[in-house]
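For reference, the structure is listed below as structure tokens.
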Amino acid sequence: MTAARPTDRRPALVESGVSTRVRVAIIGGGIIGLACAWQLLRSGCNVTVLDPDVAGGATHAAAGMITPSSEATFGQEPLLAASTASASRWPSFAAALAADSGLPVDLRRAGTLFLAADHDDEQVLARQARLLERHHRAVERLPGRATRRLEPALSPRLAGSLLIADESSVDPRQVARALRVAIARRGGEVLSAPARPLVRDGRSIGVERLEERGAAGHAGSAGHIGQVGTTGADVTVMAAGWATTALAAGLGITVPIRPLKGQVLRLRPSAPDVLRHIVRACVHGRFVYLVPRPGGEIVVGATSEDVGPDSTVTAGAVHDLLHDAIELVPELSEAALVESITGLRPATPDNLPIVGATGIDGLVVAAGHGRDGILLAPLTAAAVVSHVLGSAPPEQADAFTPERFAVKERA
Ligand code: GLY
């Protein structure tokens, strides 16, 4: 794939002396598609979002961690730089979204406690601390007693923790709702419809709206796909998570994204505010996280299963997540288990998203955010606005270029 040279479309297309707003179609109504749509509307574009499962998908299952440091791993420095840049955009993104939608967007800035359950797990903590110190990140090593002073509900048997004070979380369902309202208030459309890009003479001209006719005859079921109409657009953005691979393949473009299954639970403790911090932990070699929500619920996640597009919630995963959560916070054994759900993260071979121009003029991709869709939404949306309007994208998003997966032509 070779990237098309960006076309300067600012501030609007001018045809025959008449200025018209740039029309953008976005395939995918998860956090990435919605965030792009909202920012494009704020930049003066006309926007239509199409998705057969608007309130579902990976966003619906996501925990909402804005945690660049505690998610960081050795060898992933470009992701750390991009995540940190996107996390720093979240406060203004949330405030502007709340103002635009008239709905609350709660950015909880309580920080993360990274816990070790036993001595071996402490080695994992020490490694994380070394990584963060090397990159001059704010991190404090705490013994078990100091950790419990911060979070009295934690088990007294815990070995110790890292305090990463500058991390935060949001409720992705709340954010997605606010985005949909903000999009509508700015004159954008969110259509409940499957769609695919429409390309003529090597140029993207919009999308085909599709109807899936399965045995039950409802949208979203497997079966024949019929075209029910087209939506013209100057630019089309493919933001359909792991389904983007098939959309792109239909046009001969390589966008390598696979579904990475994550099972997640939601617990409702009887007491309010059992936890204040985001808790990440290594429990006898297994990773788990607990993310408190403003209403008192706690999201417990997540498995990481490379098993294809399988949405089954399994007894073993529920057992392991509950076991580890209760080992960390014993009183969670009394909590109500209110939800068990699977999300399919859109994972790429190098764990970086794929955002930018494709080899087809007027066709942009914004997908493959893996574990970091919520975290990377503000930076991705800013990058997509630049790719659509032909301005320079934020440099922290340079590593997202689709060209890194380009099939090299033989000399
Ligand atoms: N960001 C957490 C996860 O993907 O499980």
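Indexing begins at 1, ligand by ligand and atom by atom, following the structure's order. The basis for the numbers below is simple: all heavy atoms, side chains too, and nothing from hydrogens, waters or symmetry mates.
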Atom indices of ligand 1, in the order listed, that fall short of 4.0 Å to a heavy atom of Met65: 1 (N), 2 (C)
Which of the atoms in ligand 1, numbered in the order shown and given with their element, are less than 4.0 Å from a heavy-atom of Glu71? 1 (N), 2 (C)
Could you find the nearest protein heavy atom to atom 3 (C) of ligand 1 and give me its residue, atom name and distance? Tyr289 OH, 3.3 Å
Of the protein's non-hydrogen atoms, which lies at the shortest distance from atom 1 (N) of ligand 1, and what is that distance? Arg371 O, 2.7 Å
Backbone N or O of Leu265 within a donor-acceptor pair of the Ser340 side chain at under 3.5 Å? no
Is any N or O atom of Arg345, backbone or side chain, closer than 3.5 Å to an N or O atom of ligand 1? yes
Using the ring of each side chain (for Trp, its six-membered ring), is Phe93 parallel, tilted or perpendicular to Trp90, with breaks at 30° and 60°? perpendicular
Against heavy atoms of Ala302, which atoms of ligand 1 measure under 4.0 Å? 5 (O)
Can a donor-acceptor pair be found between the side chains of Thr147 and Ser161 at a distance below 3.5 Å? yes
Under the salt bridge (charged side-chain N to carboxylate O under 4.0 Å, His left out) test against Asp100, which residue among Arg186, Arg185, Arg180 passes? Arg186
Any chance you could measure Met65, atom CE, to Arg280, atom CZ, to the nearest 0.5 Å? 5.0 Å
